[in-house]
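One structure is given here, and the rest of the page talks about it.
For the numbers below, each heavy atom of this structure counts, side chains included, while hydrogens, waters and symmetry mates do not.
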Amino acid sequence: MRYLFASLAFITNIAIASPFPNGDVVNGKTLFLEYECSTCHQAQVGGDGSYIFTRANRKVSTPNQLIQQIERCPAGS
């Protein structure tokens, strides 16, 4: 059972990360901090705001959806 859980956790992490296989993590973090995205994310989902990335009803799962979401954001305008 322990091995099954570890395997599922590994697969889940791959599934979450796979929409952006060529993403630039350093640049993304820089922009995220520069535009203070966590402020809005915290207001939306509470805590440190990171749940917005993994919630079941998340709106972004492709690069184009991410661009559309950022364009709707007041900080990205």
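We find the NZ-CG distance between Lys29 and Asp24 to be 13.0 Å, quoted to the nearest 0.5 Å. A distance of 9.5 Å separates CD of Glu34 from CG of Asn27, quoted to the nearest 0.5 Å. In this structure, Gln69 CD and Cys37 SG are separated by 11.0 Å, a value rounded to the nearest 0.5 Å.
When all heavy atoms of Ile52 and Val45 are compared, the closest pair comes out as N-CG2, 3.7 Å.
Side-chain contact of Gln65 with Ser61: a donor-acceptor pair under 3.5 Å is present, judged by distance alone. One side chain, Ser50 or Asp48, offers a donor N or O that lies under 3.5 Å from an acceptor on the other.
Between Phe53 and His41, the distance from one ring center to the other falls under 6.0 angstrom.
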